[in-house]
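Only one structure is covered here, and it is reproduced in the block below.
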2 protein chains.
Amino acid sequence: MPPSPVRSRATGRITLADVARAADVSPITVSRALRGERAVDPELVARVKAAALRLGYVPDPAARALASRHSTHVALLIPMLSNALFVDLLEGVQRTLRPAGYQTLIGVTHYDAGEEEQLLREQLQHRPAGLLVTGLQRSETTRALIEASGVPCVHLMETSTSPDVHCVGFSQADAAAALTRHLIGHGHRRIAFAAAQLDPRTLQRLDGWRREMQAAGLHAPTLEWVNPAPSSLALGGTMFEQIVAQTPPVEAIFFCNDDLAQGALLAALRLGVPVPQRVAVAGFNDLTGSDQMVPPLTTVRTPRAAIGIAAAGMLLALMRGEAVPASCVDLGYEVIARQSA
Amino acid sequence: MPPSPVRSRATGRITLADVARAADVSPITVSRALRGERAVDPELVARVKAAALRLGYVPDPAARALASRHSTHVALLIPMLSNALFVDLLEGVQRTLRPAGYQTLIGVTHYDAGEEEQLLREQLQHRPAGLLVTGLQRSETTRALIEASGVPCVHLMETSTSPDVHCVGFSQADAAAALTRHLIGHGHRRIAFAAAQLDPRTLQRLDGWRREMQAAGLHAPTLEWVNPAPSSLALGGTMFEQIVAQTPPVEAIFFCNDDLAQGALLAALRLGVPVPQRVAVAGFNDLTGSDQMVPPLTTVRTPRAAIGIAAAGMLLALMRGEAVPASCVDLGYEVIARQSA
DNA sequence: CTGAAAGCGCTTACAG
DNA sequence: CTGAAAGCGCTTACAG
């Protein structure tokens, strides 16, 4: 005889209580056994796990979040998904977080500090278990919001010497300096730096180039071409056209991003400007297509997928309350010499 | 005198009960007033809203999900984020869903039916309020999973005549046929179709090309070049090289995707094959950079951002239990004639 | 139109 | 090492 289910709101879902009944233990023991929390008699653990498997039990994330005050969400704040760099980063993050039972909530800031703050507020309402943010620089309010939330946070793409901040990345300035040395090593003297978007990492690359040029006694303010507009192939073409018209002639152009450099290479083809004979062209990031350009683009390969994986791994440790070996991981970079410079 | 908070687990968060106390009504009235559900005295609504605002009340999504059995998450299943098409789609979706209070959970299927099924299972555990899936074709199990979940679902990128399925897209076959007519109209007779990835939408484009070629009496099996490998610039170059070597000579190549076509254009430059004089080249989707190629790429512009917006809008209506004017929305396409064909 | 009660499915805090 | 009780912050179902 079935019990008369007055006022039943049951979802039909298999619950912790069902597993407890099947394993003949209390619900709390099931909870502990399944989460591997605290010491539980190994024999009970086995019994519970068998029962859970048999019944096809799946914990309810909402109930878990409500009771524990932590969801299984990780908020990821990135500037732009149309930059392939961040797609690779995201893939690395998800590949690490998903098997560990965490969902990634993506927030696209469009390089806007206000939007980042707004997104963070929204995400924080969902009590994320962890935070992954791009770069170290942000509004004071956003910084305070992160701090006050107490949610573990890892910073992506840059490095820091502060022991208080967790980060995984590489030195944008050093990478730019290395490419600049490569260009100088090829005998170029008048090496322009062309930048768009002007986000913090772009400016760090500008610094790296400037540092190297000054050390070699080659720096001149007229070699700096910066444009706050969003980065695009078309803009790269326009900038190339302008820079190539300069006198005395520029011998090499270091674009802060492969987008820009690819656009420059296409403009060179249109204009009939031989690269690298008349002017060498280099980029940054080694994005899709850079190896296919005519001529193939010299650039810096950056380990964004590895950054995503390592940062997610570090966050996993922090969320579990484990110690991390180092608060900041430097994953380096690699100059890729092709034919354009 | 403060109450002695024995066994307190309070989060410090402002709750519905706090607002109820402040507005001097019952918690359930606050709940109804804030959600706009059922009829509530306008004066009470105003009082509640004022109190909520004053206290800075923010509903707890976990509690809400647990009680209502629906989260505020929408699961979005897409094949790949490295295809810019889906980035645009995603942006459109988020731009519509976020202001309405929904979070987008992105699942990347990598064009794999098994992975899609696995992702869907995981997402469904989180009781999403809505589902957004790419295309109409999927495994029987996945289809059954969606059906059984009872979660509103909108299909993206394709159109259907079935009244049972909600979708927003355009006819991939018609779009391909239109581009094929454009090529035929330019006097080309031997028009090859070159495809990679071979996902359902690619095959629909193949059908559209085939239909048009047959209608014009121009179809030949040797004009079909299909490669199951993932689409890339490099593959486009390789395919171009192969197709151009064919005798009798192919006069035009319709690549199923701009990636491939861009790679072909770059290969043509490398090989010194004049486009469109020796062979015309066309693509599909009008991706970033296609207008910058040398020569600029003739292609079909597809309304993916608009699809994201419209599909999210339709899903919003379905989630609210509202009727939608049409179960399927066709957003069309546009042939973009540039210099490559 | 409004509310008291119960319940969603977990985990925390306390006790033993 | 294990458990009974309470509670997380909402909404459903019922009643009036």
Side-chain angles (χ1 to χ4, degrees), chain A residues 3-21 23-48 52 55-72 101 125-127 129 321, chain B residues 3-21 23-48 52 55-72 101 125-127 129 321:
Chain A
S4 66
V6 190
R7 322 183 106 238
S8 170
R9 290 171 59 190
T11 54
R13 206 177 165 117
I14 305 292
T15 70
L16 203 63
D18 296 323
V19 179
R21 242 182 320 267
D24 197 29
V25 294
S26 74
I28 184 62
T29 297
V30 175
S31 171
R32 291 203 272 247
L34 259 26
R35 277 179 302 143
E37 185 237 32
R38 292 204 356 202
V40 177
D41 187 318
E43 198 227 320
L44 285 191
V45 172
R47 219 159 76 202
V48 166
L55 297 179
Y57 170 68
V58 179
D60 183 316
R64 182 172 269 181
L66 182 58
S68 71
R69 310 205 289 284
H70 278 303
S71 72
T72 53
Q125 290 171 15
H126 287 259
R127 301 168 162 173
Chain B
S4 66
V6 190
R7 321 179 107 242
S8 168
R9 291 170 61 190
T11 53
R13 202 175 169 119
I14 305 294
T15 70
L16 203 63
D18 296 323
V19 179
R21 242 183 318 269
D24 197 30
V25 294
S26 74
I28 185 60
T29 297
V30 175
S31 171
R32 291 204 272 246
L34 259 27
R35 278 179 301 142
E37 186 237 28
R38 291 198 3 193
V40 176
D41 186 318
E43 197 227 319
L44 286 191
V45 172
R47 218 159 78 201
V48 166
L55 296 178
Y57 169 68
V58 178
D60 184 317
R64 180 171 271 183
L66 183 57
S68 71
R69 312 205 288 286
H70 279 302
S71 70
T72 54
Q125 289 170 16
H126 287 261
R127 300 170 165 173

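The model shown is predicted, which means the values in this text are computed figures rather than measured ones. Sequence lines set the chain letters: A, B, ... in the order given, protein chains first and strands last, and positions in each chain run from 1. Below, all heavy atoms of this structure are taken into account, side chains as well, without hydrogens, waters or symmetry copies.
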Exercise. Ignoring hydrogens and angles, does a donor from either the side chain of A:Arg69 or the base of D:dG9 sit under 3.5 Å from an acceptor on the other?
Worked result: no

Problem set entry | Closest listed nucleotide, where the reference is the side chain of B:Asp41 and the choices are C:dC1, C:dT11, D:dT11 | C:dC1

Problem set entry | Shortest non-hydrogen contact between B:Pro27 and B:Leu16, atoms and distance | O-CD2, 3.7 Å

For this session: Using atom CZ of A:Arg32 as one end and atom P of D:dC1 as the other, report the distance to the nearest whole Å.
Result: 11 Å

Exercise. Where the side chain of B:Arg64 is defined as all heavy atoms beyond and including C-beta, which of C:dT12, D:dC10, C:dG3 is the nearest nucleotide?
Worked result: D:dC10

For this session: Specify the separation, in whole Å, of atom CG of A:Leu55 and atom P of C:dG9.
Result: 15 Å

Problem set entry | Gap between atoms NE2 and C1', on A:His70 and C:dC10 respectively (whole Å) | 15 Å

Seminar exercise, completed: Answer for the Watson-Crick or wobble partner of C:dA13, both distances under 3.5 Å, is none

For this session: Grab the CG-P distance between B:Asp60 and D:dC8 for me, whole Å please.
Result: 11 Å

For this session: Measure across A:Val30 and A:Ala20 and return the closest heavy-atom pair with its distance rounded to 0.1 Å.
Result: CG2-CA, 3.5 Å

Exercise. If you look at every heavy atom in B:Thr72 and A:His126, which pair is closest and at what distance?
Worked result: OG1-CE1, 3.7 Å

Exercise. Can you check whether A:Arg35 has a side-chain N or O nearer than 4.0 Å to OP1 or OP2 of C:dT12?
Worked result: yes

Exercise. Hey, which of these two, B:Pro42 or A:Leu16, hits DNA chain C nearer its 5' end, going by closest nucleotide?
Worked result: B:Pro42

Exercise. What integer distance in Å separates B:Arg13:CZ from D:dC10:P?
Worked result: 7 Å

Exercise. For A:Arg21 and C:dC10, what is the distance between atoms CZ and C1' respectively, to the nearest whole Å?
Worked result: 14 Å

Exercise. Taking the side chain of A:Arg127 as its heavy atoms from C-beta onward, which of C:dC8, D:dT11, D:dG9 lies nearest to it?
Worked result: D:dG9

Problem set entry | Residue mapping more 5' on DNA chain C - nearest nucleotide basis, B:Pro27 or B:Ala63 | B:Pro27

For this session: Give the rounded distance in Å between these two atoms: CG of A:Leu66 and P of C:dG9.
Result: 12 Å

Problem set entry | Contact nearer the 5' end of DNA chain D, comparing A:Ser26 with B:Val30 | A:Ser26

Exercise. Which nucleotide, D:dT2, D:dT12, C:dT2, lies nearest any side-chain atom of B:Val40?
Worked result: C:dT2

Exercise. Could you go step by step and tell me if B:Val48 and B:Arg32 meet the side chain to side chain contact (heavy atoms under 4.5 Å, CB included) rule?
Worked result: CA-CA 10 Å; B:Val48 166; B:Arg32 291 204 272 246; over 6 Å; no

For this session: Assess whether side chain to side chain contact (heavy atoms under 4.5 Å, CB included) is satisfied between B:Asp18 and B:Arg13, documenting all intermediate values.
Result: CA-CA 9 Å; B:Asp18 296 323; B:Arg13 202 175 169 119; over 6 Å; no

Exercise. Closer than 4.0 Å, any side-chain N/O of A:Ser31 to the OP1 or OP2 of C:dT11?
Worked result: yes

Exercise. Separation of B:Gln125 atom CD from C:dC8 atom P, in whole Å?
Worked result: 20 Å

